[in-house]
Amino acid sequence: MFKKILSLALVAMLLMSVCAVSFSAAQVEVAADGADKAVAEQGANGDVVSQGADGDVVSQGAESDVASTGADVIKYDNSQTKWSGNIQFYIYDVETGVELLPWGSKKLNGENESGDIWSKDVSGYGIESGKQYSIIFYNPETKAQTYDLMMDSNCFGDTAVLTGNEIENPVDSTQKTKETKWTNSSLGSRMQVTSIGNVVGVTCPSFTSKYDMMVSFLKDKLDNARTYSGKDDQKLLDDTAAALGLGKNDVEKAISEAGVTTEWSKDASSLDAESKPGSNDKGNDPSGGGSSDDKKSDNGSGSGSGSGSGSSSKSGSASNTQTGQTETVLFIMLGVMVAAAGVIFFARKKERT
């Protein structure tokens, strides 16, 4: 009789153990699937911005909600512009021209923090550390906007203010926009050569150099500048090169590299023979400002990591769930063993009596 009871107890313990393990495995699988689904949904809602083969900007999911961390804030001082209504914070990749969020999107709207100070948490823009961008402050009500201001992740926490200068629009020389600067960051307005050969802005983007700007001007804007600047080739090229800090030797080289024919003469040029130091260096600018995160602001405003906003949101909880289920299995098996021992003990006691 004792052997039968012992056999039944052992079989019951085995069956309960198998059921407990199966239950635990099912729970872990469900938890893991749930964590993966959460990550997938976050990725589906994130902004994806790309550039088409023909150079057109293609934005996908730009109107979707993006979680904000609250850490990557940029501010604008509206005390001089006195814009009414909303102020938008438009940012684009300065090298590719790709916009991080579409122009005019409501997601660009800032918040009136206090008085004339407007702020915007840009953690949903996908700004990368060590990469340069340009920001334009825009008032939808008046259609007014500021000139392109260079920025990177070190500008988080900084405030943009007007300089009092008006800058010629690089595309339409008949239009002017107000220049801004950062209160603390050394990055300034974006340096560009306009459609008629004038040089505007103070910060040369890190992807190019002043010499490269001269080459691009000769390739893309020379004909327009000849038509609307009112200058002959000699004065036009000398003036543009002088504003870029280039010498006649570099102008001669740039003409050859651009593959254009001009009426410019090296012998008749009023330029120095050689360029100013740094004119051929990528990202050189007269303000001495850097373009990367290795030049942190002394005021500590660049405290954000700038590593983008999406990476931290993928931290799932699947590993914690697995640990909890493993502990549950151990407790169930221990309970089964205690119950089996109790059955054996009472069975033997009954057999002896």
Side-chain angles (χ1 to χ4, degrees), residues 57 72-122 124-125 127 131-196 198-206 213 243 285-287 289 291 297 301-302:
V57 175
D72 307 340
V73 174
I74 288 175
K75 300 180 181 181
Y76 174 74
D77 187 342
N78 188 41
S79 59
Q80 295 185 60
T81 42
K82 293 296 183 182
W83 288 333
S84 59
N86 233 305
I87 295 179
Q88 296 192 331
F89 293 62
Y90 173 80
I91 302 175
Y92 66 91
D93 186 320
V94 73
E95 181 173 1
T96 65
V98 173
E99 55 187 3
L100 303 191
L101 288 174
W103 179 270
S105 167
K106 291 183 179 180
K107 291 189 175 296
L108 300 174
N109 289 346
E111 295 182 1
N112 189 197
E113 186 173 295
S114 62
D116 292 315
I117 302 300
W118 284 71
S119 64
K120 177 66 178 176
D121 180 352
V122 296
Y125 284 59
I127 293 174
K131 191 171 184 178
Q132 281 191 341
Y133 303 86
S134 267
I135 183 169
I136 297 173
F137 302 99
Y138 172 65
N139 179 226
E141 186 167 313
T142 62
K143 308 301 181 185
Q145 67 184 65
T146 62
Y147 180 72
D148 312 39
L149 175 62
M150 297 292 295
M151 65 162 287
D152 58 20
S153 60
N154 283 321
C155 296
F156 295 160
D158 212 341
T159 302
V161 298
L162 294 185
T163 64
N165 298 328
E166 288 194 337
I167 289 184
E168 174 189 328
N169 187 300
V171 178
D172 183 356
S173 60
T174 64
Q175 302 294 323
K176 293 185 181 296
T177 51
K178 297 182 182 298
E179 182 186 40
T180 56
K181 66 177 181 179
W182 297 109
T183 303
N184 298 300
S185 174
S186 58
L187 292 175
S189 53
R190 178 181 177 179
M191 181 178 288
Q192 298 184 81
V193 180
T194 73
S195 60
I196 58 174
N198 295 325
V199 177
V200 297
V202 296
T203 298
C204 178
S206 60
M213 288 185 182
D285 68 272
S287 68
S291 60
S297 300
S301 62

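When a residue number appears, it is its place in the shown sequence, counting from 1. Keep in mind that the numbers below use all heavy atoms, side chains included, and drop hydrogens, waters and symmetry copies. Predicted model only: the values in this text are computed from it and were never measured.
The distance from atom OG1 of T180 to atom CD1 of I136, rounded to the nearest 0.5 Å, is 9.5 Å. Atom-to-atom distance recorded for L162:CG and E179:CD is 9.5 Å, nearest 0.5 angstrom. Rounding to the nearest 0.5 angstrom, the gap separating the OH atom in Y138 from the CG atom in L108 is 10.5 Å. Going from atom CD1 of I91 over to atom CG of L100 covers 6.0 Å, rounded to the nearest 0.5 Å. For the atom pair W182 CH2 and L187 CG, the distance stands at 9.0 Å (nearest 0.5 Å). To the nearest 0.5 Å, atoms NZ (K120) and CG (N109) are separated by 6.5 Å.
Not one N or O on the side chain of D93 forms a donor-acceptor pair closer than 3.5 Å with the backbone of V98. Side-chain N or O atoms of N139 include one that pairs as donor or acceptor with a backbone N or O of N86 at under 3.5 Å. Here the side chain of N112 pairs a donor or acceptor atom with the backbone of I117 at under 3.5 angstrom. Formation of a donor-acceptor pair under 3.5 Å by the Q192 side chain with backbone atoms of P170 is not found in this model. Judged by distance alone, the side chain of N78 and the main-chain N or O of K82 form a donor-acceptor pair under 3.5 Å. When atom types are taken as modelled, the side chain of D148 and the backbone of S134 share no donor-acceptor pair closer than 3.5 angstrom. Not one N or O on the side chain of K181 forms a donor-acceptor pair closer than 3.5 Å with the backbone of S189. Of the possible donor and acceptor atoms, one in the side chain of T183 sits under 3.5 Å from a partner among the backbone N and O of T159. Remark: side-chain polar atoms of Q88 are paired, donor with acceptor, to backbone N or O of S105 under 3.5 angstrom.
More than 12 non-hydrogen atoms from other residues, nucleotides or ligands lie less than 6.0 angstrom from CD of E113.
Using a 4.5 Å cut-off on side-chain heavy atoms (C-beta onward), S119 and V73 make contact. Residues F137 and W83 form a side-chain contact, since some pair of their non-hydrogen atoms from C-beta on lies under 4.5 Å apart. Taking 4.5 Å as the limit, some side-chain heavy atom of D72 sits within range of a side-chain heavy atom of D121.
When every heavy atom of M213 is checked against every heavy atom of P205, the shortest pair comes out as CE-CD, 3.7 Å. Heavy-atom minimum distance, A160 versus L149: CB-CD2, 3.9 Å. For the residue pair S195 and V171, the shortest heavy atom distance occurs at OG-O, 3.3 Å. Nearest heavy-atom pair across M151 and I135 is SD-CB, 3.8 Å. The two residues G201 and Y147 make their nearest non-hydrogen contact at CA-CE2, 4.5 Å. Across all their heavy atoms, V199 and A243 have their closest contact at CG2-CB, 3.5 Å.
No hydrogens or angles considered: nothing links the side chains of T146 and Y76 as a donor-acceptor pair under 3.5 Å.
For the side-chain contact (heavy atoms from CB on, under 4.5 Å) with T177, the lone residue among E168, E166, Q145 that qualifies is Q145. Each of Y125, Y90, Y133, Y92 was checked for a side chain to side chain donor-acceptor pair (under 3.5 Å) with E99, and the lone residue meeting it is Y90.
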Exercise. In sequence, state the C-alpha distance, the side-chain angles, and the governing distance for F89 and L101, and then conclude on side-chain contact (heavy atoms from CB on, under 4.5 Å).
Key: CA-CA 10 Å; F89 293 62; L101 288 174; over 6 Å; no
